[in-house]
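Encoded as structure tokens, the structure appears first; notes follow it.
Note on naming: letters A, B, ... go to the chains in the order of the sequence lines (proteins, then strands), and numbering restarts at 1 for each one. All values derive from a computational prediction rather than experimental measurement.
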There are 2 protein chains.
Amino acid sequence: MRTLVDIIEQHIRSMIDRSADGSISIQRAELAEQFRCVPSQISYVIDTRFTPERGYIVESRRGGGGYIRIVRVTGGGRGAQLLRVLAEEVGEYIDQRRAENIIERLRDEGFIDERQAALMRGAVRRESIPVELPLRDALRARILYNMLTALAAVEQQMRRAQRGRKA
Amino acid sequence: MRTLVDIIEQHIRSMIDRSADGSISIQRAELAEQFRCVPSQISYVIDTRFTPERGYIVESRRGGGGYIRIVRVTGGGRGAQLLRVLAEEVGEYIDQRRAENIIERLRDEGFIDERQAALMRGAVRRESIPVELPLRDALRARILYNMLTALAAVEQQMRRAQRGRKA
DNA sequence: ATTTGTTTGACTTTGCCTGACCTTGAGCAA
DNA sequence: TTGCTCAAGGTCAGGCAAAGTCAAACAAAT
């Protein structure tokens with residue numbers, strides 16, 4: 001069964017896709033009415049699905065004429081560089097949700113394919129690291145970091161090989 | 001007398017047989033009600049009968065809109081090969097050397113490509129799992145296990161999608 | 001008798017959804 | 001200005017809906 005969150009998420013994504021500049025402005029109450037739910041449900045969707053890790057920036061203003069603005073930021077096509085930036089972002093601890101967000105973003109931007117995403121998700125699952133918090137989040141951070149840097153290294157290597165072949 | 005486990009297993013198998021793509025989605029509570037047993041009985045059936053060793057992969061989600069998805073990995077595709085290697089060579093503990101040997105072999109045989117290999121090597125590095133032995137080798141085994149099953153599931157999924165497109 | 005496998009149910013964790021209440025900003029009137 | 005009112009969005013705790021875990025009781029097999 002698809003949930004309301006999923007449906008609303010998809011709706012927002014398609015609005016962003018259709019937009020010229022990868023950003024949209026919405027009115028929380030209005031969208032809520034469209035989907036016949038409470039306004040805070042919209043907040044929930046945004047909090048869980050349009051996070052910085054996934055590559056979105058959200059701005060909003062209250063009061064009369066208020067709005068919520070969702071901006072999609074992309075890595076600009078420089079794969080290895082983005083990978084290093086994300087690796088930094090991982091930090092010392094990371095929970096499963098945030099790790100999956102980062103993987104989702106890489107997938108979304110086309111830096112990794114579905115298979116690589118699956119591998120990474122498998123590695124950061126709770127079941128892969130059956131130890132107590134906060135050790136679990138610390139290990140997940142190390143694992144994700146090492147996967148990202150390993151990928152960045154291969155990325156660069158392939159790029160070099162590619163150049164060599166062309167030249 | 002056949003036990004409940006057997007009956008439920010049979011039922012799930014036949015559902016998968018009847019499915020178009022070799023995978024099904026069920027609701028644990030609903031199935032439990034059908035067989036008039038507690039939900040955890042369904043978990044038991046799945047844990048003992050639909051394992052990777054037997055060629056099945058299970059994914060699930062909790063909470064509202066939750067489900068359990070069972071995928072049968074068939075034939076000689078990559079997914080099946082990955083599961084075979086998994087069943088035969090990844091036990092409860094695995095050291096870095098053996099893990100890398102497995103990854104290397106998978107790459108040599110063309111079951112994974114260089115990027116996938118790089119990701120896997122990154123995940124199983126000693127630096128990714130900075131804890132004492134024998135815990136480190138145990139976690140490495142879990143990580144490798146989950147990466148392989150996740151990849152196998154996607155491979156299977158892609159295989160079926162491919163076949164569907166051809167037909 | 002011991003061990004292995006099944007069944008049950010209490011408790012936990014995760015994730016979605018709602019509603020009550022809080023904070024902020026704009027417009028306007030005194 | 002100051003302050004009132006109303007129109008937004010923000011927060012948070014709680015309820016509900018799933019699946020997961022685990023130990024204990026029970027059954028079957030050796």
Side-chain angles (χ1 to χ4, degrees), chain A residues 1-12 24-51 54 56-71 95-101 104 121 124-134 136-137 140, chain B residues 1-12 24-51 53-54 57-71 142 146 149:
Chain A
M1 151 73 172
R2 283 179 86 236
T3 62
L4 231 199
V5 211
D6 288 337
I7 293 166
I8 295 173
E9 176 191 359
Q10 202 173 351
H11 182 253
I12 293 176
I24 59 163
S25 254
I26 59 175
Q27 302 243 268
R28 193 179 73 151
E30 185 190 308
L31 202 56
E33 201 183 349
Q34 215 176 305
F35 288 99
R36 257 154 261 202
C37 62
V38 295
S40 55
Q41 174 77 326
I42 306 298
S43 298
Y44 179 71
V45 175
I46 290 170
D47 287 350
T48 57
R49 309 290 209 260
F50 296 90
T51 64
R54 286 191 181 205
Y56 295 91
I57 292 172
V58 178
E59 306 161 330
S60 65
R61 223 168 81 197
R62 308 191 196 195
Y67 61 87
I68 299 177
R69 184 178 157 74
I70 303 176
V71 183
D95 63 27
Q96 183 170 343
R97 174 54 72 96
R98 288 211 304 127
E100 282 173 348
N101 283 343
E104 173 68 17
R121 281 191 216 105
V124 302
R125 291 182 65 185
R126 236 181 310 280
E127 289 80 2
S128 290
I129 321 168
V131 297
E132 288 302 304
L133 290 174
R136 185 164 72 231
D137 283 356
R140 182 180 291 112
Chain B
M1 167 54 183
R2 292 170 77 221
T3 65
L4 228 201
V5 207
D6 289 335
I7 294 168
I8 295 173
E9 176 190 0
Q10 209 45 40
H11 182 254
I12 293 177
I24 58 164
S25 247
I26 60 174
Q27 302 239 265
R28 193 180 73 152
E30 186 190 307
L31 202 56
E33 202 183 349
Q34 255 183 73
F35 289 98
R36 264 155 263 237
C37 62
V38 294
S40 55
Q41 173 78 321
I42 306 298
S43 298
Y44 180 72
V45 175
I46 290 171
D47 286 350
T48 57
R49 309 291 207 259
F50 295 90
T51 62
E53 290 77 17
R54 295 184 183 212
I57 290 163
V58 178
E59 301 164 331
S60 66
R61 205 167 118 192
R62 309 193 197 192
Y67 62 86
I68 298 178
R69 180 154 174 272
I70 304 176
V71 182
R142 302 298 307 153
N146 280 299
T149 53

Measure [atom1]/[X] against [atom2]/[N] and give the value in whole Å, please.
X	N	atom1	atom2	value
A:Ile26	D:dG9	CD1	P	8 Å
A:Glu9	C:dG15	CD	P	14 Å
A:Phe35	C:dT18	CZ	P	13 Å
B:Tyr67	D:dG20	OH	C1'	15 Å
B:Asp6	C:dT7	CG	P	8 Å
A:Glu59	C:dG25	CD	P	14 Å
A:Glu30	D:dA7	CD	P	15 Å
A:Arg62	D:dA8	CZ	C1'	9 Å

Practice item. Verify the neighbour count for atom CD of B:Glu33: are there more than 12 heavy atoms of other residues, nucleotides or ligands below 6.0 Å? Key: no

Review point. In terms of heavy-atom contacts, does CD of A:Gln10 have more than 12 from other residues, nucleotides or ligands at under 6.0 Å?
Key: no

Exercise for review: Using a 4.5 Å cut-off on heavy atoms from C-beta on, say whether the side chain of A:Arg97 contacts that of A:Thr48.
Suggested key: yes

**Study point:** Any side-chain heavy-atom pair of B:Phe35 and B:Gln41 under 4.5 Å
**Key:** no

When you check the phosphate oxygens OP1 and OP2 of [N], does a side-chain N or O of [X] lie under 4.0 Å from one of them?
X	N	value
A:Ser60	D:dA8	no
A:Arg49	C:dC16	yes
B:Tyr44	C:dT6	yes
A:Arg61	D:dG10	no
A:Ser40	D:dG9	no

Point to revise | Which nucleotide in D:dG10, C:dC17, D:dT21 has an atom nearest any side-chain atom of A:Gln41 | key: C:dC17

Review point. Among D:dT11, D:dA18, C:dT18, which is the nearest nucleotide to the side chain of B:Gln27?
Key: D:dA18

Point to revise | Residue that, paired with B:Leu31, satisfies side-chain contact (heavy atoms from CB on, under 4.5 Å) out of B:Ile42, B:Ile68, B:Ile46, B:Val45 | key: B:Ile42

What's [X] touching, base or sugar-phosphate or nothing? Going by heavy atoms closer than 4.0 Å.
X	answer
A:Arg125	nothing
A:Ile42	nothing
A:Arg126	sugar-phosphate
A:Val38	base

Give, for atom [atom1] of [X] and atom [atom2] of [Y], the distance between the pair rounded to the nearest 0.5 Å.
X	Y	atom1	atom2	result
A:Ile26	A:His11	CD1	NE2	9.5 Å
A:Glu9	A:Thr3	CD	OG1	9.0 Å
A:Ile12	A:Ile7	CD1	CD1	12.5 Å

Exercise for review: Mind grabbing the angle between the end helix axes of the helix from C:dA1-D:dT30 to C:dA30-D:dT1? Five pairs an end, 10° rounding.
Suggested key: 20°

Revision key, fill the gap. Of B:Gly64 and B:Val5, the one whose nearest nucleotide on DNA chain C sits closer to the 5' end is B:Val5

